[in-house]
Undergrad: 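Sharing a structure with you now.
What you see is a predicted model, and the numbers here were worked out from it, not measured in a lab. Throughout, a chain's letter reflects where its sequence line sits, starting with A, and its residues are numbered from 1.
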There are 2 protein chains.
Amino acid sequence: MIEYSSHPHYLIAVDCIVFGFDGEHLKILLVKRNLEPEINKWSLMGGFVGKTETPDDAANRVLKKTTGLEGVYLEQLQIYGQPERDPIERTLSVGYFALIDINKYQDQLNDDHHAEWFLITDRPKLIFDHDEMVKDARIKLRYKAALHPILFEMLPKKFTIPQLQILFEEVNDTKIDTRNFSRKISSTGLLIKLEEKEKLGSKKGAYYFKLDKKKYKEGFQAFVNLIPRLKL
Amino acid sequence: MIEYSSHPHYLIAVDCIVFGFDGEHLKILLVKRNLEPEINKWSLMGGFVGKTETPDDAANRVLKKTTGLEGVYLEQLQIYGQPERDPIERTLSVGYFALIDINKYQDQLNDDHHAEWFLITDRPKLIFDHDEMVKDARIKLRYKAALHPILFEMLPKKFTIPQLQILFEEVNDTKIDTRNFSRKISSTGLLIKLEEKEKLGSKKGAYYFKLDKKKYKEGFQAFVNLIPRLKL
DNA sequence: GCAAAAGTGTTTCGAATACACCCATGA
DNA sequence: TCATGGGTGTATTCGAAACACTTTTGC
């Protein structure tokens, strides 16, 4: 029988950076690690890739198990493979980032899984190389969001233009001109204006919009250039 | 002692898609696989990730060993992890793509390593999921090259604007207006015009240019929008 | 009536495009 | 002298950016 005899074998893990938006700030979801080493330290949600799974499968499974989320936006970041990144045993980890609507899942999260949201700008130190992963994920999110309308994945079904703008500003760490922003967003044709108004954020109230799902799918691959000027 | 007892371990490989440009066409470098299974079939250059290596290290090593190339542009593509992608034993592979100047290395390649260049548009069927990797690499190359000046990595030290334009056209599978292209390229400030002319391609001859290395490094992260209109 | 946020319109500027002719040279 | 590819200039269009006022309504 043929075999790749002498080559070493390693554990393969996945780690998920979950981004969310609460209407004001960009946040990430963290859990307290439940195994040694580094037990009870803050960590990304991770798990090992099973025998019959692809890394994508594993990431989806881990996400479902730790957070109850299913069918969310999930994208591969890169592989992390420093030989000593896990002190116990060599483990290569495939980083993923996910985008979710915080509000939709908040209840289950707090109750069932001991996961907690942190401001992206004010989060605890994480185990292993997870801080590096978060940093990379943030850069990639920014990069991607500058060209593709993925940020809608973090908003509820109904949302207002001001909310959307704050999200863009958070992700890109910048201020955007209200008038130019709303014109640009309108020109994408991705939004459908609703009758209803949101009245919590202001006296006047802001109209709700929803995504035009069909156009969203069609236009997803198109470059849209949504950010005034991408600063790196 | 702590251990991650029961989780499965796998082989980790790297596979390199090497792009080159011969002045007329975009090409990729392939080798005949020298081990079972699929021995003597065309394949990407690959190898296993050693105990003390990162995947990046392994990719560089493989590239050096099979082609003699060192210090070339190398970027991680993604991980390929279908459980059955290698029929012998589960192996996850990290795909990389490299950009090199064909002419610089052509001699060593043919003599030492049995590697061969193929037109990207006319290449043999590859083993395992390598065709998928090539397809993905091409898309990523196009995407990246639309925003970053990476294509210079495939040109010799001295090159002409017409050569550069052909390269852009090949990568993007499109035709570009000569006048607009040269203006756009000039406006980047990345090129330095030389006295010397290239006389092989035409009677009149075309001026050689070289890269302004300093500006290239500075401007690498900046978006430059080098392609007239990116068609997806 | 006033504070606070929402919503909208115009002008300016620069980049992208479309387009056509002259130049230099070897054959 | 002519065929071949190299090199350049201009007008137009479109999108990006800068900029300020009016509207609504809860308090």
Side-chain angles (χ1 to χ4, degrees), chain A residues 23-25 145-147 149 155 158-170 172 174-210 219 222-231, chain B residues 23-25 145-147 149 155 158-170 172 174-210 219 222-231:
Chain A
E24 296 184 62
H25 294 293
L147 299 168
L155 289 169
K158 296 185 302 185
F159 52 88
T160 69
I161 302 284
Q163 280 168 7
L164 184 61
Q165 177 168 347
I166 292 167
L167 174 54
F168 271 83
E169 290 177 340
E170 280 283 309
N172 291 282
T174 185
K175 284 284 170 194
I176 305 177
D177 181 277
T178 319
R179 298 156 289 191
N180 293 336
F181 181 77
S182 79
R183 187 179 327 104
K184 202 179 280 192
I185 290 295
S186 304
S187 77
T188 63
L190 290 171
L191 298 193
I192 298 169
K193 191 175 193 169
L194 304 178
E195 296 294 310
E196 196 185 353
K197 276 191 165 188
E198 187 265 357
K199 305 282 291 180
L200 300 168
S202 69
K203 325 266 166 103
K204 185 178 175 182
Y207 281 105
Y208 277 120
F209 288 78
K210 64 175 183 179
F223 287 98
V224 276
N225 202 4
L226 294 160
I227 295 301
R229 190 135 185 87
L230 197 61
K231 289 152 196 156
Chain B
E24 295 183 61
H25 295 292
L147 299 168
L155 290 169
K158 297 184 302 186
F159 53 87
T160 68
I161 303 284
Q163 281 167 6
L164 184 61
Q165 177 169 345
I166 291 166
L167 173 54
F168 271 83
E169 291 177 340
E170 280 283 310
N172 291 282
T174 185
K175 284 285 167 191
I176 305 177
D177 181 276
T178 319
R179 298 157 288 192
N180 293 335
F181 181 77
S182 79
R183 186 178 328 105
K184 202 179 280 191
I185 291 295
S186 303
S187 76
T188 64
L190 290 171
L191 298 192
I192 298 168
K193 191 175 193 169
L194 304 178
E195 296 293 309
E196 198 185 352
K197 277 189 163 187
E198 188 263 359
K199 305 282 290 181
L200 300 168
S202 70
K203 325 265 168 106
K204 184 177 178 183
Y207 282 105
Y208 277 119
F209 288 78
K210 65 174 183 180
F223 286 95
V224 276
N225 201 5
L226 293 161
I227 295 301
R229 190 137 184 84
L230 198 60
K231 290 151 195 158

Undergrad: Quick one: the side chain of A/R179 and the base of D/dA18, do they pair up donor-acceptor inside 3.5 Å?
TA: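 Per atom types, no contact qualifies.
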Undergrad: Does the base of C/dG9 carry an N or O that pairs as donor and acceptor with the side chain of A/R183 under 3.5 Å?
TA: yes
Undergrad: How many angstroms lie between CD in B/Q163 and NZ in B/K158, if you round to the nearest 0.5 Å?
TA: 10.5 Å
Undergrad: Name the closest nucleotide to the B/K184 side chain, picking from C/dA16, C/dA18, D/dA16.
TA: C/dA16
Undergrad: Sequence neighbours left out, what passes ring-ring contact (aromatic ring centres under 6.0 Å, His included) with A/F159? Give chain and number order.
TA: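 With neighbours one apart ignored, the set is A/F152.
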Undergrad: Using whole Å, report how far NZ of A/K175 lies from P of D/dA18.
TA: 15 Å
Undergrad: Looking at side-chain heavy atoms only, is the closest gap between A/P149 and A/L190 below 4.5 Å?
TA: yes
Undergrad: Rounded to the Å, how far apart are A/D177 CG and C/dT10 P?
TA: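 It works out to 16 Å between those atoms.
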Undergrad: Nearest 0.5 Å, what's the OG1-CG distance between B/T160 and B/L194?
TA: 11.0 Å
Undergrad: Please list, by residue number, the residues of residues 194-209 of chain A whose heavy atoms come closer than 4.0 Å to an atom of DNA chain C; answer none if no residue qualifies.
TA: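 Within this stretch, A/G201, A/S202, A/K204, A/G205, A/A206, A/Y207 sit under 4.0 Å of the strand.
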Undergrad: Whole angstrom is fine here: how far is it from CD1 in A/I185 over to C1' in C/dT8?
TA: 16 Å
Undergrad: Give the rounded distance in Å between these two atoms: CD1 of A/I176 and C1' of C/dA5.
TA: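 A/I176 atom CD1 is separated from C/dA5 atom C1' by 17 Å.
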Undergrad: Both A/Q163 and B/N180 contact DNA chain C. Which one's nearest nucleotide lies toward the 5' end?
TA: A/Q163
Undergrad: If a pair satisfies side chain to side chain donor-acceptor pair (under 3.5 Å) and one of its residues is in residues 197-206 of chain B, list it, with sequence neighbours excluded.
TA: none
Undergrad: Figure out the NZ/P separation between A/K193 and C/dA6, and round it to whole Å.
TA: 13 Å
Undergrad: Find the distance A/L191:CG to C/dG7:P and express it as a whole number of Å.
TA: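 The answer, rounded to whole Å, is 12 Å.
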Undergrad: To the nearest 0.5 angstrom, please state how far the OH atom of A/Y207 sits from the CD atom of A/E195.
TA: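 Output value for this atom pair is 7.5 Å.
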